[in-house]
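For reference, the structure I am asking about is given below.
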2 protein chains.
Amino acid sequence: MGTVAKALSLLDLFTLARPEIGLSDLARLSGMNKATVYRMVSELQAEGLLEQTGTRAYRIGPAVLRLAALREATVPLRAAAMPLLQRLSDRTGETVHLSFLEGGKLGTYAFTYADAHGTSVRMEDAAVLPFHATASGLAVLAYLPPDRREALLTPPLAGFTAATQTDAARIRAALSQVRASGIAVSTGGFEADVSSLAVPLFAADGSVTGALAVATPVSRMTDALRARIAQALTDTAPALGALWGASPLLQDTPPPPVPEPTD
Amino acid sequence: MGTVAKALSLLDLFTLARPEIGLSDLARLSGMNKATVYRMVSELQAEGLLEQTGTRAYRIGPAVLRLAALREATVPLRAAAMPLLQRLSDRTGETVHLSFLEGGKLGTYAFTYADAHGTSVRMEDAAVLPFHATASGLAVLAYLPPDRREALLTPPLAGFTAATQTDAARIRAALSQVRASGIAVSTGGFEADVSSLAVPLFAADGSVTGALAVATPVSRMTDALRARIAQALTDTAPALGALWGASPLLQDTPPPPVPEPTD
DNA sequence: ACCAAAGGTTCAAATAATGAACCAATCAAA
DNA sequence: TTTGATTGGTTCATTATTTGAACCTTTGGT
């Protein structure tokens, strides 16, 4: 792991729940030396990726807004995807959630709510999803090349709820199911009261790039709803893939053109 | 300059005009070795700050969207500032433009248009402003500590138009004017047909953090309009500063509490 | 079939990152 | 106010990483 990667990994310590972090905490959380962290945050600050608050704690800086504007101007994907997500929300009556592989992480990209129900699953933007504990993560994991998959399945796997599956062997078995059906399911693995279905999304070259998911409160999930959501997901995924030039040939072939890995 | 800063400086090579850059071009533009650049972009890519297109060129990656969402959740400044900017636009009938110091750079943060005129100055989000050639830049420069100011004024200064002032001595003289009046003026220094007025913005600790500017087509700028804009700017700046806790005491003291530096 | 330029890779040499220890400032409790 | 613990920040010899010339392979144009 190079110095640059280590410095950038500091950015991932900031979350909605922990938006400001002091120097000592940053050193503790990252496991790096305080002097090292200090030099890194100084460089990140000079670039505007971090900034220091009045209490000397660090937080994400204003430069990311400029970069984000540049990103959306370059790849106006979110704008194009939102109507598709909204239609899927309306059709299923549930929260829809689009995530993409960002380097080695699965990041939330966009989501939409239905206004059908009084209760719905609340999503956070700015979230990174665990691969082994979410439907989206499993959908991606199932179609990742074996080496990358195994790297992400090496113990210890974090437990988020009592229902989180942390046994790598069982997860591998679940991934075979995902490949067989083309759909990933997860119930309460990340958030206790949430049940999700997800389908993988593929890049133009056939590699997996993200996932499209529908999340419902566990109390509402039934076999009938599951079937309706699965149908809606497989209907929507090709149109979404078309936005970045993925082949619509995948449309009627649930197990996509990634060979069943020999694991 | 540390390795991290060098790697991050690559991000600044991407602009709206040049949103995708190949490896060799990145090496040329940055003046770094190709192998060095390659390792850096690989690390930036692993973090999702860059991504590679089908043609192997690099562009800003999706992770910046996640970070931007986190930033706005942490510091919902843009949302709070926009109505103030819009009022200023409506009042002056011109384009308003808010920029902040991001580390060593002056980055565009937000802008609003008036719908009064058929013509107006178009701004780009995702833009970095030169200090010596814009009203915003001069406003900031005037109140920066002498060492930081001098660092930014060391020749060679880039020329953007025939009217760009690139003589550091003359710019220093102009900065005295800015400190005397509390307002910076620039005509055609960055974009040929644009004339701007700007006031500095100060952080809670009294240090300069950015600028608020009004930009008009040169053809429309008159002394009368200049006076009206200057008034509108000095009226708005305190309310804007209040958003981040800057002292409203500055309201009626055009030369803010930064001592006239001995230069 | 050719050439030029691109992306990507290698390895010894050079340089930058590292971490233990240190200082000064802040804060809470005694 | 004294104490003690913790914070942000700094130093410097040791160490490990980055660097860059040269190399290979692929791509695209003529």
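Chain naming here is simple, since letters A, B, ... match the order of the sequence lines and numbering starts at 1 in each. Computation of the quantities below employed the complete heavy-atom set of this structure, encompassing side-chain atoms and omitting hydrogens, waters and symmetry-equivalent molecules. The shown structure was predicted, so the numbers you read here are calculated from the model rather than taken from an experiment.
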Between A/Glu150 and A/Arg172, is the closest basic N to carboxylate O distance under 4.0 Å?
->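 Salt bridge present between A/Arg172 and A/Glu150.
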
CA sep, side-chain torsions, deciding dist, call: B/Met32, B/Leu10, side-chain contact (heavy atoms from CB on, under 4.5 Å) | CA-CA 10 Å; B/Met32 296 189 281; B/Leu10 291 174; 3.6 Å; yes

In whole angstrom, what separates A/Glu51's CD from D/dG8's P?
->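 That distance rounds to 16 Å.
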
Under-4.0 Å side-chain N/O to phosphate OP1/OP2 contact, A/Ser24 with D/dG8 =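 For D/dG8, OP1/OP2 do have a side-chain N/O of A/Ser24 under 4.0 Å.
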
So, is B/Lys34 close to the D/dA22 phosphate, meaning a side-chain N or O under 4.0 Å from OP1 or OP2?
->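 No.
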
To the nearest Å, give me how far apart NZ (A/Lys6) and C1' (C/dG19) are.
->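 Roughly 12 Å, once rounded to whole Å.
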
Does the side chain of A/Tyr58 get closer than 4.0 angstrom to OP1 or OP2 of D/dG9 through an N or O atom?
->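 Yes, A/Tyr58 has a side-chain N/O under 4.0 Å of OP1/OP2 on D/dG9.
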
How close or far is atom P of D/dT6 from atom CG of A/Leu26, stated in whole angstroms?
->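 Atom CG in A/Leu26 sits about 19 Å away from atom P in D/dT6.
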
Would you please confirm or rule out a distance under 4.0 Å between OP1 or OP2 of C/dT9 and any side-chain N or O of B/Tyr38?
->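 Yes, such a contact exists.
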
Length of the line joining A/Leu23:CG and C/dA24:P, which is rounded to integer Å |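 Computing the A/Leu23:CG to C/dA24:P distance gives 18 Å.
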
Give the rounded distance in Å between these two atoms: CG of A/Asn33 and C1' of D/dA16.
->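 Interatomic distance, CG of A/Asn33 to C1' of D/dA16: 15 Å.
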
Option from B/Leu212, B/Leu129, B/Leu85 for which side chain to side chain contact (heavy atoms under 4.5 Å, CB included) with B/His97 holds =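 By the side chain to side chain contact (heavy atoms under 4.5 Å, CB included) criterion, B/His97 pairs with just one of B/Leu212, B/Leu129, B/Leu85: B/Leu129.
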
Let me know the distance between CG of A/Leu44 and P of C/dA17, rounded to the nearest Å.
->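 Checked: the CG to P distance equals 13 Å.
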
Considering just the side-chain nitrogens and oxygens of B/Arg56, establish if one lies under 4.0 Å of OP1 or OP2 belonging to C/dA6.
->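 Indeed not, no polar side-chain atom of B/Arg56 lies that close.
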
Is there a side-chain polar atom (N or O) of B/Gln52 under 4.0 Å from OP1 or OP2 of C/dG8?
->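 For C/dG8, OP1 or OP2 has a side-chain N or O of B/Gln52 closer than 4.0 Å.
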
Give a yes/no verdict on a cation-pi contact between A/Arg78 and A/Tyr109, requiring under 6.0 Å between NZ or CZ and the six-membered ring centre and an angle within 45° of the axis.
->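 Yes - A/Arg78 lies over the ring of A/Tyr109, closer than 6.0 Å to its centre and within 45° of its axis.
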
Starting from the 5' end of DNA chain D, give me the residue, A/Ala35 or B/Met32, whose nearest nucleotide shows up first.
->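 Comparing both residues, the 5'-ward one is A/Ala35.
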
Whole-Å distance separating the CZ atom of B/Arg39 from the P atom of C/dA16 =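 Value for this atom pair: 13 Å.
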
Take B/Met40 and A/Gly22, find for each the nucleotide of DNA chain D with the closest heavy atom, and name the residue whose nucleotide sits nearer the 5' end.
->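 Checking each residue's closest nucleotide, the 5'-ward one belongs to A/Gly22.
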
Closest to side chain of A/Glu43, choosing from D/dA21, C/dA17, D/dT18 |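 So the side chain of A/Glu43 is nearest to C/dA17.
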
B/Thr3 side-chain N/O to C/dA17 phosphate OP1/OP2 under 4.0 Å =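 Looking at the OP1 and OP2 atoms of C/dA17, one of them is under 4.0 Å from a side-chain N or O of B/Thr3.
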
To the nearest Å, how far apart are A/Asp25 CG and D/dT7 P?
->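 Atom CG in A/Asp25 sits about 7 Å away from atom P in D/dT7.
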
Is any side-chain N or O of B/Arg28 closer than 4.0 Å to OP1 or OP2 of C/dA6?
->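 So the side-chain polar atoms of B/Arg28 do come within 4.0 Å of the phosphate oxygens OP1 or OP2 of C/dA6, strictly under.
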
Taking atom types as modelled, find out whether A/Thr164 and A/Thr166 have a side-chain donor-acceptor pair closer than 3.5 angstrom.
->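 Looking only at side-chain atoms, A/Thr166 and A/Thr164 do not form any donor-acceptor pair under 3.5 Å.
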
